[in-house]
*Asks:* 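Sharing a structure, written as structure tokens. Questions coming.
We use all heavy atoms of the structure for the numbers below, so side chains are in, but hydrogens, waters and symmetry mates are not. Convention: sequence-line order gives letters A, B, ...; per-chain numbering from 1.
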Amino acid sequence: MAAGVRPSKPGGPGAGRSERPKLEAMLELSYVREHLAEVEAMLANRGATVDLTRFRELDQRRRALILQGDQLKQERNQASEEVARRKRGPERDAPETAALIARNRALGEKITALDAESKAIESEFDPILLSLPNRPSAATPVGRSADDNQEVRRWGQARTFDFTPQPHWDLGAKLGILDLDAAARISGARFAVYRGAGARLERALANFMLDRHTAAHGYTEVLPPSLVNSQSLRGTGQLPKFAADLFKCEGADLWLIPTAEVPLTNLYAGQVLDEAALPVCVVGYTPCFRSEAGAYGRDVRGIMRQHQFQKVELVKIAHPEQSAADHEKLTRDAEAILQELELPYRVMNLCTGDLGFSASQTYDLEVWLPSQNAFREISSCSNFSDFQARRANIRFRRQGKNKTELAHTINGSGLAIGRTWIAVVENYQQADGGVVIPQALRPYMGGLERMQ
RNA sequence: GGAGAGGUGGCCGAGUGGCUUAAGGCGGCGGUUUGCUAAACCGUUGUACGGUCAAAAGCUGUACCGGGGGUUCGAAUCCCCCCCUCUCCGCCA
């Protein structure tokens, strides 16, 4: 037997028992079993309700079935070996050999029945385990809703206007840089058409961000596919629970990515990385597609909430002992963009009640929007600890060790282009409806200083 | 889309129904010897889920040869479906 680790095969992270492919759980089964009370408390903090009594029953039943099945299989394996031995010798046609085969056949039927029972148990058991969200880190404050999020720091000063600031959709329409009517005709609601300097602004923002993250912050630029298979979406946690938020291609196992996090993180699915290679830092610019089911009447005007938007995404595969520091650094990398654009913002540490399903800690960056007189999310930077890594089977090997360990994954928007577009247009608007181009963007706008 | 060839462990690669406990090599780790960025020799080597144990270690069982299903007392090996890779053809930015 050779050394090292077998990577998972294409087609499934970690092939487990043949009759039971490895469950892509977020939390380790043995952890849940041994810390039931802790897990229940964690779920309560998150405001989730999961029936762990049923979990315990099913777990016990499941283990009993595995034990029984494994014992029968052992018997069958031993008997088959005996048959093989006899077939090679003079006992090949003895009546005992035939009897042995007959007995083994009966054993096989029992095993088939047991396996069917196991499958039935697992069809109820697996969804419970899959529905468990990640454990919030100690740095995550306990709270019920977004109102309990903690402000960590604030940067910049909200500009004072000597006129009433207009919303971006009015500014955009008057400047001829944003055409939502045209978007509605060719696609429908929640799509945008950018024109002229507006389209160029979108492109300038993307190029500016990519240049900063690659040259100044040390990320490697990656241009991934915008369509991915369902396995990748399970790896990062969007499936199976959040299928309703996604667009799926008809007649193929392909989905439009809701964020570059999916392809960028899955670049390393099934891989074993060298400890020295950590953290792996990649940045990608992609369109993002969200069906936004359940968004109801929120942000119906303008381009705040779209079915398609563009985003520059930062992803790190990190060492478990460094992931908290790497998360901080990634957040600062995203903040640097806002600072260079001179856009006021604040950093929020999300509480347990507002934390995403897969995250253990999240900082939201909220940019100031004058027309709303409020801070609005423009980036979400999360540490997923080993949650995604377990599902996507992303591992690393410590120097001089044979054993592999789960890595940690981190990602954050650096930044969402559409919302940055809004922030620039609204914060830099003038009394006459023109928009001044921020200094940092001018080289990317062909020297343009003002949209008029 | 069509035809053909393939997919075996960290990597390469043998293996056409039971004497395979997946040969052999490379790599990794540990050691011995020699001495100077090295070589030779010996040993060792993955994952998941169970059992045992207070726990860990250890011991032990089952499963895993691209994925799923089937045939069989018994499948890496035979059959069916699917995915991916390569070569050629077709189409195409």
*Asks:* In whole Å, what separates the P atom of B/C81 from that of B/G25?
*Replies:*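 Those two atoms are separated by 39 Å.
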*Asks:* Indicate whether any N or O donor in one side chain lies under 3.5 Å from an N or O acceptor in the other, for A/E261 and A/Q388.
*Replies:*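 Checked: A/E261/A/Q388 side chains pair up, N/O donor to acceptor below 3.5 Å.
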*Asks:* Can the ring centroids of A/F242 and A/F357 be said to lie less than 6.0 angstrom from one another?
*Replies:*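 When the ring centroids of A/F242 and A/F357 are compared, they turn out to be within the sub-6.0 Å range.
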*Asks:* Is the shortest heavy-atom distance from the side chain of A/T140 to the side chain of A/S360 under 4.5 Å?
*Replies:*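 When only atoms from C-beta onward are counted, A/S360 and A/T140 do not touch, as no gap falls below 4.5 Å.
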*Asks:* Shorter than 3.5 Å, N or O on both sides, protein versus nucleotides 73-80 of chain B: list them out with atom names.
*Replies:*
unit_1, atom_1, unit_2, atom_2, d
B/C73, OP1, A/R105, NE, 3.2
B/C73, OP1, A/R105, NH2, 2.3
B/C73, O4', A/I101, O, 3.3
B/C73, O2', A/N104, ND2, 2.7
B/G74, O4', A/S80, OG, 3.4

*Asks:* Counting heavy atoms from C-beta on, name the nucleotide in B/U62, B/C49, B/G18 closest to the side chain of A/Q74.
*Replies:*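 Per side-chain heavy atoms of A/Q74, the pick is B/U62.
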*Asks:* Is there a side-chain contact between A/R62 and A/L29 in this structure, where contact means two heavy atoms from C-beta onward sitting under 4.5 Å apart?
*Replies:*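 Yes, side chains in contact.
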*Asks:* May I ask you to check whether A/K311 and A/T259 show a side-chain donor-acceptor distance below 3.5 Å?
*Replies:*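 Yes, a side-chain donor-acceptor pair sits under 3.5 Å.
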*Asks:* What distance, rounded to whole Å, do you find between the two P atoms, one in B/G27 and one in B/C12?
*Replies:*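 The answer is 15 Å between these two P atoms.
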*Asks:* Is there a side-chain contact between A/L415 and A/R419, using heavy atoms and a 4.5 Å cut-off?
*Replies:*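 A side-chain contact under 4.5 Å is absent here.
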*Asks:* With rounding to the closest Å, how many angstrom separate the C1' atoms on B/U20 and B/G9?
*Replies:*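 Approximately 15 Å lies between the C1' atom of B/U20 and that of B/G9.
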*Asks:* Do we see a donor-acceptor contact under 3.5 Å between the side chains of A/Y194 and A/D179?
*Replies:*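 The criterion, which ignores hydrogens and geometry beyond distance, is not satisfied for A/D179 and A/Y194.
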*Asks:* Run the side-chain donor-acceptor check on residues 33-48 of chain A: report pairs under 3.5 Å with partners two or more places apart or on a different chain.
*Replies:*
unit_1, atom_1, unit_2, atom_2, d
A/R33, NE, A/D59, OD2, 2.7
A/R33, NH2, A/D59, OD1, 3.1
A/H35, ND1, A/Y31, O, 3.0
A/E38, OE2, A/Y31, OH, 3.0
A/R46, NE, A/N134, O, 3.0
A/R46, NH1, A/L355, O, 3.2
A/R46, NH1, A/G356, O, 3.0
A/R46, NH2, A/N134, O, 3.1
A/R46, NH2, A/G356, O, 3.1
A/R46, NH2, A/A359, O, 2.8

*Asks:* Please report the distance separating the C1' of B/C83 from the corresponding atom of B/G68, rounded so that it comes out in whole Å.
*Replies:*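 It comes out at 10 Å once rounded to the nearest Å.
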*Asks:* In whole angstroms, how far is the C1' atom of B/A48 from the CG atom of A/D70?
*Replies:*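 Distance check: A/D70 CG to B/A48 C1' gives 12 Å.
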*Asks:* Does a donor on one side chain and an acceptor on the other come within less than 3.5 Å for A/N77 and A/S80?
*Replies:*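 The criterion, which ignores hydrogens and geometry beyond distance, is not satisfied for A/S80 and A/N77.
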*Asks:* Can you confirm whether A/Q361 sits close enough to A/S382 that some side-chain heavy atom of one is under 4.5 Å from a side-chain heavy atom of the other?
*Replies:*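 No. Closest side-chain heavy atoms not under 4.5 Å.
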*Asks:* I'd like the P distance from B/C29 over to B/U72, given in whole Å.
*Replies:*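 Per the computed distance, 49 Å lies between those P atoms.
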*Asks:* Send over the distance from A/L129 CG to B/A48 P, rounded to a whole Å.
*Replies:*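 In whole Å, B/A48 P lies 15 Å from A/L129 CG.
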*Asks:* Starting from C1' on B/U47, measure out to CG on A/N393 and report it in whole angstrom.
*Replies:*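 Atom CG in A/N393 sits about 9 Å away from atom C1' in B/U47.
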*Asks:* Can you name the side-chain contact (heavy atoms from CB on, under 4.5 Å) partners of A/I437, sequence neighbours left out?
*Replies:*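 side-chain contact (heavy atoms from CB on, under 4.5 Å) list for A/I437, sorted by chain: A/L441, A/R442, A/M445, A/L448, A/M451.
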*Asks:* Rounded to whole Å, please give me the gap between CZ in A/R103 and C1' in B/U72.
*Replies:*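 Going from A/R103 (CZ) to B/U72 (C1'), I get 17 Å.
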*Asks:* Roughly how many Å apart are B/A76 and B/G18, using the P atom of each and rounding to a whole number?
*Replies:*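 Pairwise P distance, B/G18 against B/A76, rounds to 10 Å.
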*Asks:* B/A63 phosphate, OP1 or OP2: any side-chain N/O from A/N77 under 4.0 angstrom?
*Replies:*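 A/N77 to B/A63 OP1/OP2: side-chain N or O found under 4.0 Å.
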*Asks:* Quote, to the nearest angstrom, the C1' distance that separates B/A22 from B/G13.
*Replies:*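 Those two atoms are separated by 12 Å.
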*Asks:* With Watson-Crick and G-U wobble geometry limited to distances under 3.5 Å, how should the secondary structure of RNA chain B be encoded in dot-bracket form, using | for bases paired to another strand and [ ] for crossing pairs?
*Replies:* ((((((((.[[[..)..(.....]]]((((((.......))))))(((((((.....))))))).[[[[[..)....]]]]])))))))....
*Asks:* Can you tell me the distance, in whole Å, between the CD atom of A/Q231 and the C1' atom of B/G66?
*Replies:*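 My rounded result for the distance is 11 Å.
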*Asks:* Would you check if A/W255 and A/S230 make a side-chain contact, meaning some heavy-atom pair closer than 4.5 Å?
*Replies:*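 Yes - at least one pair of side-chain heavy atoms lies under 4.5 Å apart.
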*Asks:* Taking only the P atom of each, what is the distance from B/C64 to B/G70 in whole angstrom?
*Replies:*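 One P to the other, the span is 14 Å.
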*Asks:* Anything under 3.5 Å between a protein N or O and an N or O of nucleotides 51-58 of chain B, put it in a table, one pair a line.
*Replies:*
none

*Asks:* Scan nucleotides 91-93 of chain B against the protein and return all N/O pairs shorter than 3.5 Å with their distances rounded to 0.1 Å.
*Replies:*
none

*Asks:* If only side-chain N and O atoms of A/R62 are considered, is one of them under 4.0 Å from the OP1 or OP2 phosphate oxygen of B/G50?
*Replies:*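 For B/G50, OP1 or OP2 has a side-chain N or O of A/R62 closer than 4.0 Å.
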*Asks:* Please give, in whole Å, the distance from B/C49 C1' to A/Q68 CD?
*Replies:*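 The distance from CD of A/Q68 to C1' of B/C49 comes to 16 Å, rounded to the nearest Å.
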*Asks:* Starting at atom CD1 of A/I111, determine the distance to atom P of B/G61, rounded to an integer number of angstrom.
*Replies:*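 Atom CD1 in A/I111 sits about 16 Å away from atom P in B/G61.
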*Asks:* Looking for any heavy atom pair under 4.0 Å, which part of the strands does A/D253 touch: base, sugar-phosphate only, or nothing?
*Replies:*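 Since no nucleic acid heavy atom lies under 4.0 Å of A/D253, the category is nothing.
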*Asks:* Distance only, no hydrogens: is a donor on one side chain within 3.5 Å (strictly under) of an acceptor on the other, for A/Y285 and A/E221?
*Replies:*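 Looking only at side-chain atoms, A/E221 and A/Y285 do not form any donor-acceptor pair under 3.5 Å.
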*Asks:* Return whichever of A/Q71 or A/E81 has its heavy-atom-nearest nucleotide of RNA chain B closer to the 5' end.
*Replies:*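 Final value for this comparison: A/E81.
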*Asks:* Whole Å only: how far is the CD atom of A/E405 from the C1' atom of B/U47?
*Replies:*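 Going from CD in A/E405 over to C1' in B/U47 covers 15 Å.
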*Asks:* Looking at side-chain heavy atoms only, is the closest gap between A/D326 and A/L330 below 4.5 Å?
*Replies:*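 No, side chains not in contact.
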*Asks:* Do A/I186 and A/V193 have side chains that get closer than 4.5 Å, going by heavy atoms?
*Replies:*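 Heavy-atom side-chain distance check passes, below 4.5 Å.
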